[in-house]
Amino acid sequence: MGNVLTNNSSFAYSIEASLGVLQGSPEWFLTEPNAIGAFGATPTKVKRTPISKLRQNRKGTVVDVDNPTEMEVDMTMSAIRDFAEGFLYSVATNSDMMFRGLDAVAATGYTIPAATAAQGAKIQFVGTLATLFYAVGYGEAANNGIFPVTADTASTGTTIARSSAVVETAPINAEVSLAGIRAEAGDLALVVAGTIGTLTSGNNAAVNNIDFTTIGWTVGQRVHIGGDTATNRFFGAGPIVSYGGARIRTIAAGTVTFDKLDATLITSDGTDTGAGGTLVPVDLLFSQFIRNVRSDHADYLERSYQFEAEFPNLYETDPPTPVAEPDGYWYSLGNRANEMSINNPLTDKATMNFAFIGQTSEAIVDGASRKANAATPIEPINTEAFNTAADFFRLGILDVDETGLTTDFTDMTATVNNNASGEKVLGFVGNKFINNGNFEFSIATTALFTSPLVVSRVLDNTDVTMGWVQRNNDGAISVDVPSAELDSDGLEIEPNVSIKIQLTVNAFVDSFFGTSIGMSLWPFYPAA
C-alpha cells in the first residue's frame with residue numbers, strides 16, 4: 001500500500017461558480033499551509049442496538065457527514081489575497097485591476113485581455129498624469145517593479161503600456177496590479193487642519209487634473225500619499241518632506257478629505273519648498289480595498305471554494321508494482337468562509353488561521369479522475385512572511401477623536417467570525433445549504449498598562465477606534481476598525497516586568513462608514 005508523506009502532498013483551492021459547482025474552466029491555486037487541522041468528510045453513524053438474545057450490536061448507518069476545512073498559514077500577501085474577499089463577504093474594490101497569467105510581454109508593455117469600460121476608465125494617461133502599476137514575477141528584471149503607464153488604455157484596449165519593456169513569455173503566476181496614480185507636477189495640494197486632511201486637484205494652473213471619483217477610490221479606504229522618494233512627495237514649509245497614510249472620508253471630483261493621518265503629513269502647496277517653489281508630481285499609492293457590507297449592497301459576495309488535497313503514491317501497492325495513476329486526490333466541495341484569525345505573537349512571524357464550513361466531500365480518486373486544470377495550479381508569488389517586530393506601522397487604540405490611548409502591545413489576534421452554519425435536510429448527506437450569521441470582528445491583545453484612560457474607556461463603555469499597517473517587500477496590508485468598544489480581563493501584575501492589561505476590542509458597525517472593518521492592500525508600499 002502507499003506511504004503518503006506530508007511534505008510530498010499539496011493543497012489547492014478553486015473558486016466555485018455556485019455552491020458545490022466548479023466553474024466551467026476552473027483555475028486552481030496552490031496554498032502553503034503550515035498545518036491542516038481538519039479536512040474531508042467526518043461521518044456520523046448510528047448503530048443498531050435491538051433487544052435480542054444475541055446481545056450484540058448490529059451494523060449501523062451513516063446519518064450525517066460534516067465537512068470542515070481548517071488550516072494555518074504564514075501571513076503573506078498571497079495568503080491574504082487568496083481568501084480575504086471570502087471571509088469579508090465582499091468584492092474588493094479594484095480586484096478587476098490585477099492581471100495574472102498574461103500571454104506575453106511586448107516591447108510596448110503587457111498584453112492583457114480586452115479591457116472593460118470600468119478597467120479602461122481607471123487606466124489614465126494624459127501628458128504626465130499617469131496611472132501606476134506594479135509588476136512581479138517576470139523573468140526579465142526590467143519587467144518587474146512599479147512604473148507609470150506611457151499610454152492610455154481605453155475600453156477594449158489590450159496593452160498596459162510601459163517604457164523599456166523586454167519581450168518575454170510571461171510565467172503563469174506573474175502579476176501586474178494597479179498601484180496608484182502620478183499627478184501632473186503641481187496639480188495636487190494638501191491642507192492639514194487638526195485631524196482632517198483635504199487633498200485638492202487643479203492647483204498651480206495644472207493642465208491635466210485628477211478626477212478622484214474615477215481612479216478607484218472608496219470611502220473608508222486607506223491610501224498612501226506620496227511615492228517612494230522625495231521626487232514624488234509633498235513638501236511643507238521648511239521645506240519638510242510630507243508623506244504618509246490616510247483614510248478616505250469623502251470623495252468629490254476635485255477634492256478628497258481624509259482622517260487618520262500619519263504624523264508625517266503636513267500642509268503643502270504642491271511645490272518642493274512648500275511655498276511657491278518648483279512643482280512636484282505627487283504619487284498617490286493604493287490598490288485593493290475590502291470591507292464588510294450590507295447583504296443588499298452591490299459589493300456583497302457569497303463566495304465558495306473547492307479544495308483539493310493531493311496524496312502522492314496513495315494507490316501504490318506493496319510490494320511495488322506498476323500503477324498507472326498512483327496518486328490520490330480528495331475533493332471538498334461547497335466551502336464557505338466562516339472564521340479567520342490574524343495572529344501576531346511577540347518577536348515572531350505572523351500567521352493566519354482559516355476555517356471553512358463545507359457542503360460535502362467526494363470519494364478519493366486516482367490521477368485519472370483528477371478535476372479539470374487541477375494538474376496545473378498557479379503557485380503563490382508574494383510569499384514573504386510578515387514579522388511582528390519590524391513590519392508594523394501606526395499600530396494603536398485611539399479615541400474616536402484620534403487621541404492616542406495605547407500603542408504598546410505584546411501580542412494581538414484579530415478574528416473575523418461569520419457565524420456560518422450548515423443546513424441539513426432530509427435526503428441529503430452533508431450540508432445542502434450554508435447559512436451566514438451576523439458578521440463579527442474582534443481583537444484580543446495584551447497591552448502595557450501605560451494610561452488610566454484605557455480602564456476608563458472600558459468602564460464607561462466609550463467608543464474607540466483601532467488600526468494598523470503591516471508592510472514587507474511584497475506590499476502592505478492595513479486593517480481599520482472605525483468603531484469599537486473595549487473589554488478587559490484585568491491586569492497582569494508579575495515581578496520584574498511591566499504591568500500589562502488584557503484587552504478585547506469588539507468592533508461594531510460605524511455610523512459614518514457603515515462597516516466594522518476595512519482592509520486596504522497595496523502591491524507596493526514605501527519603506528519610509
Side-chain angles (χ1 to χ4, degrees), residues 15-19 80-98 116 118 122 212-223 247-252 256-260 286-305 334-342 354-357 359 400 414-423 431 433-443 461 463-467 477-485 504-521:
I15 296 172
E16 294 181 329
S18 59
L19 191 66
I80 294 163
R81 291 193 322 193
D82 278 343
F83 299 117
E85 287 179 309
F87 281 97
L88 295 186
Y89 281 63
S90 179
V91 175
T93 300
N94 299 322
S95 59
D96 61 334
M97 299 302 290
M98 194 277 283
T116 64
K122 294 177 187 177
F212 296 116
T213 66
T214 66
I215 61 175
W217 279 6
T218 302
V219 169
Q221 181 175 4
R222 192 164 181 84
V223 303
R247 181 179 65 179
I248 299 172
R249 192 164 182 87
T250 64
I251 305 173
V256 178
T257 61
F258 299 96
D259 59 10
K260 287 196 171 181
F286 61 95
S287 189
Q288 296 188 22
F289 173 64
I290 315 168
R291 78 285 194 211
N292 67 301
V293 294
R294 295 166 51 102
S295 59
D296 58 356
H297 193 282
D299 289 340
Y300 181 73
L301 171 71
E302 292 186 358
R303 174 166 287 170
S304 63
Y305 303 86
N335 287 272
R336 280 270 168 79
N338 183 32
E339 190 168 323
M340 173 180 73
S341 63
I342 301 173
F354 301 124
F356 301 83
I357 294 179
Q359 188 179 41
V400 292
T415 301
V416 167
N417 188 354
N418 288 289
N419 290 293
S421 60
E423 187 72 65
N431 298 314
F433 305 102
I434 308 293
N435 298 326
N436 310 317
N438 278 352
F439 179 91
E440 296 179 351
F441 183 63
S442 62
I443 301 163
N461 200 31
D463 294 358
V464 299
T465 183
M466 186 176 182
I477 169 179
S478 79
V479 177
D480 177 57
V481 184
S483 291
E485 56 185 355
T504 302
V505 182
N506 292 307
F508 57 85
V509 61
D510 183 79
S511 59
F512 182 83
F513 293 101
T515 189
S516 301
I517 175 179
M519 183 179 292
S520 297
L521 308 178

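Because the structure is a prediction, the values reported are computed rather than measured. All values below come from the heavy atoms of this structure, side chains included, with hydrogens, waters and symmetry mates left out.
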Can you name the closest pair of heavy atoms from [X] and [Y] and give their distance?
X	Y	value
R303	G86	CB-CA, 4.4 Å
F87	V416	O-CG1, 3.7 Å
G422	I357	N-CG2, 4.2 Å
A84	I290	CB-CD1, 3.6 Å
A118	D96	CB-OD2, 4.3 Å
A92	Q288	CB-OE1, 3.6 Å

Within the 4.5 Å heavy-atom criterion, are [X] and [Y] side-chain neighbours or not?
X	Y	answer
S421	N435	yes
M340	F83	no
P482	R247	yes
I248	F212	no

Between atom [atom1] of [X] and atom [atom2] of [Y], what is the distance when rounded to the nearest 0.5 Å?
X	Y	atom1	atom2	result
F433	L19	CZ	CG	9.0 Å
K260	S478	NZ	OG	9.5 Å
F513	Q221	CZ	CD	11.5 Å
R336	N338	CZ	CG	11.5 Å
I477	R222	CD1	CZ	13.0 Å
I80	M519	CD1	CE	7.0 Å

Full working for side-chain contact (heavy atoms from CB on, under 4.5 Å) between N94 and F289: CA-CA 7 Å; N94 299 322; F289 173 64; over 6 Å; no

Between Y305 and F356, ring centroids under 6.0 Å: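 Judged by ring-centre distance (under 6.0 Å), Y305 and F356 do meet the cut-off.
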
Ion pair check, D299 and R291, cut-off under 4.0 Å: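 The answer is yes: the pair qualifies as a salt bridge.
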
Between S442 and T415, a side-chain donor and acceptor under 3.5 Å: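 No, no side-chain donor-acceptor contact under 3.5 Å.
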
Checking [X] side chain against [Y] main chain: does a donor-acceptor pair fall under 3.5 Å?
X	Y	value
N419	N438	yes
E16	G334	yes
T213	A252	no

Contacts of T515 that satisfy side-chain hydrogen bond (donor to acceptor under 3.5 Å, both in side chains) - sequence neighbours left out: N292

Residue list, side-chain hydrogen bond (donor to acceptor under 3.5 Å, both in side chains) with S95, at least two apart or on another chain: none

Pair I517-V479, side-chain contact (heavy atoms from CB on, under 4.5 Å): steps then yes or no: CA-CA 7 Å; I517 175 179; V479 177; 4.0 Å; yes

Criterion side-chain contact (heavy atoms from CB on, under 4.5 Å) on F354 and N335, from CA distance to verdict: CA-CA 11 Å; F354 301 124; N335 287 272; over 6 Å; no

Set of residues satisfying side chain to side chain contact (heavy atoms under 4.5 Å, CB included) with respect to V505, sequence neighbours excluded: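 Testing V505 for side chain to side chain contact (heavy atoms under 4.5 Å, CB included), a comparison that skips the adjacent residues, returns I397, I443, M466, A484, L486.
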
Worked check of side chain to side chain donor-acceptor pair (under 3.5 Å) between Y89 and N418: CA-CA 9 Å; Y89 281 63; N418 288 289; 4.8 Å; no

